[in-house]
Amino acid sequence: MDWRTHDIFNQIPEHSNYNLLASDVALTEALDRTAAWSSEQLTAFGGRLGREETFALADAANRNPPILNAFDARGHRIDSVEFHPAWHAVLGMYREEGLVSLPFREQRPGRWPAWAAGFYMHAQIEYGTLCPATMTQASIPLLQKEPALWEALREKLFSDRYDPSDVPIAKKSSIWLGMGMTEKQGGSDVRANTTVAVPVGKGGRGGEYRLRGHKWFFSAPMCDAHLVVARAVDTDSYACFYVPRFRPDDSKNAVLVQRLKDKIGNRSNSSGEVEFQDAYGLLMGEEGRGIATIIEMATYTRLNCVLGSAALLRQALVQALSYARQRRAFGKKLIEHGLMRAVLVDLALESEAALALGMRLAEAFEQQDADDRHLAWKRIMTPAAKFWVCKRSVELTGEAMEVLGGNGYVDQGIVARLFKEAPVNSIWEGSGNVMCLDVVRALSREARLVEALISDLTEMSDGCSILTGELSHLVKLIRLNPEMLESSARILSQQLVLIAQGCLLHRYSTPEISDAFIRTRLDDRRSGRVAGAIDVTNVNVDAVLSRALAM
Ligand SMILES: Cc1cc2nc3c(=O)[nH]c(=O)nc-3n(C[C@H](O)[C@H](O)[C@H](O)COP(=O)(O)OP(=O)(O)OC[C@H]3O[C@@H](n4cnc5c(N)ncnc54)[C@H](O)[C@@H]3O)c2cc1C
């Protein structure tokens, strides 16, 4: 008997077996402009990432989250985190590509954009692995200021060998670092930390301390060391401590992992809760400057959040476009329906603008010492971008999911994973309001940088009356008195980002993209409350959509 009830047709497979760099015109152009030397290696990486097998590894790493083994079989405390082999395979790819420390190890101009492109591509396939990678990278500029530690760790931080072994640092070829700030009673308000550090001997910079207290969020607890904020009792001030997993005598440090968080997304990554029972630590940075020290680390991790969210948005767009190009409804392909075209154009514009901003910030990080313009982008635009791009990806990964209809909502798929991953970026490393308040703080305290940013944007907006008009309006808003700035910090950050993105597209992208972006984001006041609510009458939809994904 023939049990078959129907033929399956018009079901579209997920987009895979493609090259993430070659298919991305905007990314290719950005790299050609800033780091052409890296294109060959990154194209090969983009090919490996896009393989169906790599997507399968990402899926497996998220479907089999890490497990905490707090004790061994005989009851000894080991606090070890066990990962699925797929985690090691994917994280190993990133390390072996040399991306963890690239911007600090490489000397050639364009090292930050080259790294940003690699990070952006990896993040599209598997984002959880980039948590320890990001924290390790961001610890480097802090460790570089501590000569003895830097001497001991430099080679292992710069190494591109993947070494997941859980042994003292001296026995490892490469290492991972994490960060610990957030406690139960307060995360954003780091000054609410109750963990204390007592000096052993005279204390002071580089000196030994014992830490007692806890961290409520402590991602990647298997890292070889964490940079931890605690209150130094000798100076009664907050300080940053280097807390390794093993003490100098090779015994395990007293950092007890109480539990791993059960998270909505970011499932491949381990985020723990820990207690310090007189844990060994070394004081980093100036005494009393602990919060400033750890915030410097967070400035770097915030850039990664921007690029990571741009990446989630990009991959959601890729899957949505590929689906819409093949799936048929009401007698034609989804992409041929006028209203769907408006949605896809909106996603494509947002995605390219997010990438442009992330790449500009990467350039700014590289050239922050060169002149005030770059420093201004780093200082003012990083928190603004972290606020805006991370929030946009939460909404727009959901919109991309809907392009796939019911298939999008099924947890077996890539888009579902992107959707569940997106909110974390908006929360960790400083959540939305905290970012906007940081923008306002920079605007009210860093007059020189504000002027540098305004003059850079003015120069870039050249020839576009909408941009120049919006910019002068924004300048007026910035010059309001500071008390008024706080309550309008979200409006201000939003406008700042939209103008900056408009300027970047105006300078670097095609007229079709920049005109459509500027008109729909900054001119037509009816646009933009939800994706696709834009007037595309004067938009070259074919040009925008074919640029978005070369197939
Ligand atoms: C998956 C995951 C992993 C993490 N990993 C780590 C880690 O490894 N290390 C680490 O230290 N932390 C980590 N965190 C913690 C994260 O950084 C904090 O959750 C975050 O900084 C917010 O702190 P909180 O949760 O205490 O929220 P709160 O500080 O209580 O904030 C709650 C809300 O109030 C808002 N808010 C706060 N202050 C103001 C204000 N002045 N004005 C207006 N609004 C305000 C915030 O924007 C937020 O929306 C992780 C978080 C997650 C979700």
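What you see is a predicted model, and the numbers here were worked out from it, not measured in a lab. Both counts, for ligands and for their atoms, begin at 1 and track the order of listing.
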note = Those residues with a heavy-atom separation under 4.0 Å from ligand 1 are Met179, Gly180, Met181, Thr182, Gly186, Gly187, Ser188, Phe217, Phe218, Ser219, Lys263, Ser271, Val424, Ile427, Trp428, Glu429, Ser431, Asn433, Val434, Leu437
message = Enumerate the ring-ring contact (aromatic ring centres under 6.0 Å, His included) contacts for residues 152-177, please, sequence neighbours excluded, ordered by first and then second residue.
response =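 Of all non-adjacent pairs touching residues 152-177, those that pass ring-ring contact (aromatic ring centres under 6.0 Å, His included) are His88-Tyr162, Trp150-Phe158.
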request  = For Lys378, enumerate each residue passing the salt bridge (Lys or Arg N to Asp or Glu O under 4.0 Å) test, keeping only those at least two apart in sequence or located in another chain.
outcome  =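 Checked Lys378 against salt bridge (Lys or Arg N to Asp or Glu O under 4.0 Å); zero matches.
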note = Residues at least two apart in sequence or cross-chain that pass salt bridge (Lys or Arg N to Asp or Glu O under 4.0 Å) with Arg63, listed by chain then number, are Asp59
ask   = Do Tyr209 and Asp234 get their side chains close enough for a donor-acceptor pair, meaning under 3.5 Å?
value = yes
key: Over-ring placement of Lys215 relative to Phe276, 6.0 Å and 45° cut-offs   =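 Lys215 over Phe276 ring: no.
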message = For Trp112 and Phe119, I'd like to know if the aromatic rings sit close, meaning centre-to-centre distance below 6.0 Å.
response = no
